[in-house]
Every structure is written in C-alpha cells, then in structure tokens.
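Have a look at the structure below, then the notes.
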Amino acid sequence: MLPSEEKFPGMNHIDESEMSAGTLVEVLRKRSADSPDDMFCAFLSGSVEVAEQASCAELDRSARARAVLLQQRGIAGGNVVLAHPYGLEFVNAFAGCLHAGVAAAPVKMPRGQRDLDRLRRVADAAGTRIVLMA
C-alpha cells in the first residue's frame with residue numbers, strides 16, 4: 001500500500017480498463033458504477049488535512065446535473081471560460097463541462113482589472129462570450 005492510500009483509500013488505484021478509457025468522463029462513469037463511495041478527488045488544507053472531498057458517485061452526479069443545465073441553455077458543444085476558485089466547485093464545474101461536451105478554458109477568479117483583461121483575452125481566444133463563474 002502506498003503511504004497516501006492510508007489517508008486517501010482508492011485514490012491511487014487505476015485498473016487496466018481505466019488506462020484504456022477514452023475520456024475522463026468515461027473513467028468517472030466507470031468509477032461511479034464500480035466504486036461509487038471511493039474518493040475521486042480531495043483538496044487539502046495547508047496542514048495536509050482533507051478540506052473538501054468528493055466520492056466518485058458525488059462527482060458524477062454533480063457533473064451530470066451541471067451538464068443538463070448547460071444543455072438546457074444551449075451551451076453544449078460550445079466553448080466557455082471557467083472562472084472558479086480552486087477547489088471542489090471548480091472540479092464539479094469542469095466535469096460538468098466535459099459531460100456536456102463543452103470546451104472549458106479555466107482561469108483564476110478575477111480580482112481586479114488586470115484579471116478581467118486576461119479573462120477577456122482568454123474568452124476572445126476561445127471564441128466565446130460565455131463565462132461560467134462560481
């Protein structure tokens with residue numbers, strides 16, 4: 001057992017079928033079906049304690065719900081800029097975009113004019129005017 005497996009069981013296990021999976025969405029769906037309660041991702045605090053975590057099933061459920069919202073708004077298959085703080089909310093939003101077939105260009109949350117100018121340049125490069133924010 002790897003040292004990190006003691007604190008985060010299931011995080012380091014990758015089986016052969018996952019290695020041949022075509023996309024991250026397929027890996028998430030497989031893990032959600034096979035090991036729904038295993039931790040899929042975790043964010044640590046400064047003291048290496050888990051601050052936020054999501055199981056395979058929780059992340060898959062959240063991603064699918066977000067994908068439906070993106071599809072209902074006619075964004076599926078398009079491009080967006082994803083401006084979220086680091087953490088589980090970002091992972092949920094990014095996975096939702098993947099589920100909906102949306103290409104997401106992640107940027108840090110804008111805090112001033114310089115960040116807004118950068119966000120605008122990223123949106124222009126992505127060919128979109130849609131910014132998803134937390």
Side-chain angles (χ1 to χ4, degrees):
M1 178 176 284
L2 296 172
S4 60
E5 284 186 325
E6 294 170 12
K7 273 193 159 181
F8 313 112
M11 288 291 288
N12 291 321
H13 175 74
I14 299 174
D15 67 28
E16 283 298 315
S17 65
E18 289 175 341
M19 293 298 290
S20 63
T23 67
L24 183 58
V25 171
E26 291 170 358
V27 170
L28 181 55
R29 285 180 181 155
K30 180 172 180 8
R31 285 230 177 156
S32 181
D34 295 349
S35 307
D37 296 327
D38 280 1
M39 187 186 313
F40 192 83
C41 70
F43 285 87
L44 307 178
S45 66
S47 63
V48 192
E49 295 298 318
V50 174
E52 296 180 284
Q53 67 184 28
S55 70
C56 298
E58 290 167 338
L59 182 56
D60 188 51
R61 201 170 24 256
S62 175
R64 288 174 189 258
R66 290 164 193 260
V68 168
L69 292 173
L70 293 169
Q71 290 165 346
Q72 289 172 344
R73 287 169 174 78
I75 301 172
N79 300 333
V80 300
V81 175
L82 192 59
H84 280 64
Y86 299 111
L88 192 53
E89 178 61 29
F90 167 78
V91 173
N92 286 326
F94 188 75
C97 287
L98 294 177
H99 268 275
V102 172
V107 298
K108 70 177 188 174
M109 284 293 291
R111 298 197 194 286
Q113 188 60 46
R114 178 188 253 176
D115 290 342
L116 287 172
D117 292 341
R118 181 175 181 278
L119 189 147
R120 190 172 292 117
R121 287 192 305 274
V122 171
D124 288 344
T128 188
R129 294 282 177 228
I130 301 169
V131 178
L132 304 179
M133 299 181 78

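Just so we're clear, the structure is a prediction, and the values are computed from it rather than from any experiment.
- The side-chain contact (heavy atoms from CB on, under 4.5 Å) search around Arg29 returns Val25, Asp60, Arg64, His99, not counting sequence neighbours.
- Arg120 meets the salt bridge (Lys or Arg N to Asp or Glu O under 4.0 Å) test with Asp117; sequence neighbours excluded.
- Among residue pairs with one or both ends in residues 93-114, those qualifying as salt bridge (Lys or Arg N to Asp or Glu O under 4.0 Å) are Lys108-Asp115; sequence neighbours excluded.
- Remark: Asp37 pairs with no residue by the side-chain contact (heavy atoms from CB on, under 4.5 Å) rule, at least two apart or across chains.
- You'll find the side chain of Val80 stays beyond 4.5 Å of the side chain of Val131, heavy atoms only.
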Test side-chain contact (heavy atoms from CB on, under 4.5 Å) applied to Thr128 and Val81, step by step:
CA-CA 8 Å; Thr128 188; Val81 175; 4.1 Å; yes
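- Residues meeting the side-chain contact (heavy atoms from CB on, under 4.5 Å) test with Ala134, sequence neighbours left out: His84, Pro85, Glu89.
- The main-chain N or O of Leu88 is found under 3.5 Å from a side-chain atom of Glu52 such that the two form a donor-acceptor pair.
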Evaluate ring pair (Phe, Tyr, Trp, His ring centres under 6.0 Å) for Phe90 paired with Phe94, printing each intermediate quantity in order.
CA-CA 6 Å; Phe90 167 78; Phe94 188 75; 5.8 Å; yes
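- Counting heavy atoms from C-beta on, the side chains of Ser55 and Phe40 never come closer than 4.5 Å.
- Taking the salt bridge (Lys or Arg N to Asp or Glu O under 4.0 Å) definition, one finds that Arg61 meets it with nothing, sequence neighbours left out.
- With contacts defined as side-chain heavy-atom distances shorter than 4.5 Å, the pair Leu44/Glu49 does not qualify.
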